[in-house]
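Here is how names work: the chains are called A, B, and so on, in the same order as the sequence lines, proteins then strands, and each is numbered from 1. When reading the values below, keep in mind they use all heavy atoms of this one structure, side chains included, and skip hydrogens, waters and symmetry mates.
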2 protein chains.
Amino acid sequence: MNFKSFSKQFKLTNNQLFSEYFDLFTDSIAIKNKKIAVRKLKIIISATFKLSASQSFASMSLRQLSEETHISMGGLYAYIKNKQHLSLTLQRFLNHYGQKVLSQTDGGLENIIRTHVYLSEILQPWFFFAFMESKNLTKPMKQYAIKSELLTEAYLVTAIEKGQIQGKYKKTLSAQVAASHIKPLLHDWYLKRWKYRQRKINIDDFCQSMLIFINDGLKCSKHN
Amino acid sequence: MNFKSFSKQFKLTNNQLFSEYFDLFTDSIAIKNKKIAVRKLKIIISATFKLSASQSFASMSLRQLSEETHISMGGLYAYIKNKQHLSLTLQRFLNHYGQKVLSQTDGGLENIIRTHVYLSEILQPWFFFAFMESKNLTKPMKQYAIKSELLTEAYLVTAIEKGQIQGKYKKTLSAQVAASHIKPLLHDWYLKRWKYRQRKINIDDFCQSMLIFINDGLKCSKHN
DNA sequence: GTCTATAGCCGGATAGAC
DNA sequence: GTCTATCCGGCTATAGAC
């Protein structure tokens, strides 16, 4: 698997994405014409990510959002319930989507890792937003987010345990501990996206070097 | 080196820390009695970290800060120039301090890694704040922060290159790439502090497992 | 050195015209 | 479906009493 084949398989076009968002949150969207709604939601949510990334969601004002999207204040409220609820839907949608995609992996460690990185590339603004704004969540939403995060970690743990039983991976580190060291490596791709862009490291090279690092570490075999 | 010996060596008591902060930013502090100022600065900055961590610095209001510190709005302005400048001093102080401590390592990879983790433990709220609020920085400050981050990475690169020349580390991965995979592991300790606390993983165990992971990876030697 | 009071601006949200 | 106008509460910052 590489990024190209992953993209082909999932066909995550923007339209499909926001169409699914519309279906999930119709209750909080006053506009009932789906075609119009999807087009505007795309604009509003993209602008939200842009502004949140350069300030923070909390300090972004709806007046700024209105200016950035060229939609009036009143107009915005036809697409969102209120400011807090907008943030909530973004968090929920990513959790929903992430679990859906991850559950389709074949359970191998490399497969899970690549799937996570590739998905976080396509949904980079969503992942970045969710990570950065997670602290602002209300208690019930925080619990929901933690549950979702643990689920992702559980995929890694299961894959490592499987490898350990097969004798592919050693048992020096518990699968749990190993998984908790792998997760931050995955996060780096969407948290420090600018760094990798600047250094002209493409996504498949990133996966490759990360997998080597995870598998082999740094030490020479002769020192084992 | 372990956490205890590191702590002894650096004696980073809160008083010393805020005393150094006071000296660095006297210009923006109206109160000239150092003893009083240091005591209050400690209260103000701790409260700033607490509130920023649960919301964000931008959305924290000075009214909240006033309530949390039991210092009136007017009173606060005797210790800070304004809200934005407060954030700036926090960023600057950590960069200043971090580089000071890192420059005293012996240049070995394990030493640099342990120093970073131990320092980020003692200054956890500072590190967390700097990471989370880095996007809000003005352009010149952002450049300063990036410079500081690259410097930290440079310490890792140099150590790995040294190990590669000595034949201790293999050359499958460039030192630069390896370093960029190690950094997010270090960040995890202060970004997800709650997770490690919950799982009752202490700081020396964390360093130990991370060093094993970095050195050896997951794979069994027989599969090499 | 610390407080209260207030200036002046900006925030989220909604009503109602078109 | 989109806009303008407006409510009103909260914000940073400062002036001036003690």
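Atom CD1 of B:Ile80 and atom P of C:dT2 are 14 Å apart (whole Å). One interatomic measurement links the two molecules: CG of A:Asn82 to P of C:dT14, which rounds to 8 Å at whole-angstrom precision. One interatomic measurement links the two molecules: OH of B:Tyr79 to C1' of D:dA13, which rounds to 18 Å at whole-angstrom precision. Across the protein-nucleic acid pair, B:Lys83 atom NZ and D:dT14 atom P stand 15 Å apart, rounded to whole Å. Computed from coordinates, the B:Ile71 CD1 to C:dT4 C1' distance equals 16 Å when rounded to whole Å. Rounded to whole Å, the distance from CG on A:Leu51 to C1' on C:dG11 is 15 Å. Atom CE in A:Met60 sits about 14 Å away from atom C1' in C:dA13, given to the nearest Å. Rounded to an integer number of Å, the gap from B:Ile43 CD1 to C:dG1 C1' is 14 Å.
Among C:dG1, C:dC3, C:dG12, the nucleotide with an atom closest to any side-chain atom of A:Arg63 is C:dG12. Each of C:dT2, D:dT2, D:dA13 was ranked by its minimum atom distance to the side chain of B:Met73; first place goes to D:dA13. Proximity note for B:Ser72 (side chain, C-beta onward) versus C:dT4, C:dG12, D:dT2: the nearest is C:dT4.
Going from atom CG of A:Asp188 over to atom NE2 of B:His181 covers 8.5 Å, rounded to the nearest 0.5 Å.
Counting any heavy atom pair closer than 4.0 Å across all strands shown, B:Lys81 reaches no nucleic acid atom. Among the heavy atoms of the strands lying under 4.0 Å from A:Ser61 are primed sugar atoms or P, OP1, OP2 only; no base atom is included.
The local environment of CD in B:Gln104 is crowded, with over 12 non-hydrogen atoms from other residues, nucleotides or ligands closer than 6.0 Å.
Taking the charged nitrogens against the carboxylate oxygens, A:Lys81 and A:Asp27 have no contact shorter than 4.0 Å, which rules out a salt bridge.
Position along DNA chain C of the nearest nucleotide to B:Gly74 versus B:Ala30 favours B:Ala30 as the more 5'-ward residue.
Listed pair B:Tyr77 / D:dA15 fails the phosphate criterion, with no side-chain N or O lying under 4.0 Å from OP1 or OP2. For D:dT2, one of the phosphate oxygens OP1 or OP2 lies less than 4.0 angstrom from a side-chain nitrogen or oxygen of A:Lys40.
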Worked check of ring pair (Phe, Tyr, Trp, His ring centres under 6.0 Å) between B:Phe3 and B:Tyr118: CA-CA 6 Å; B:Phe3 183 54; B:Tyr118 295 154; 5.5 Å; yes
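Using the six-membered ring where Trp is involved, B:Phe57 and B:Phe129 have ring planes that are perpendicular, over 60° apart on the 30 and 60° scheme.
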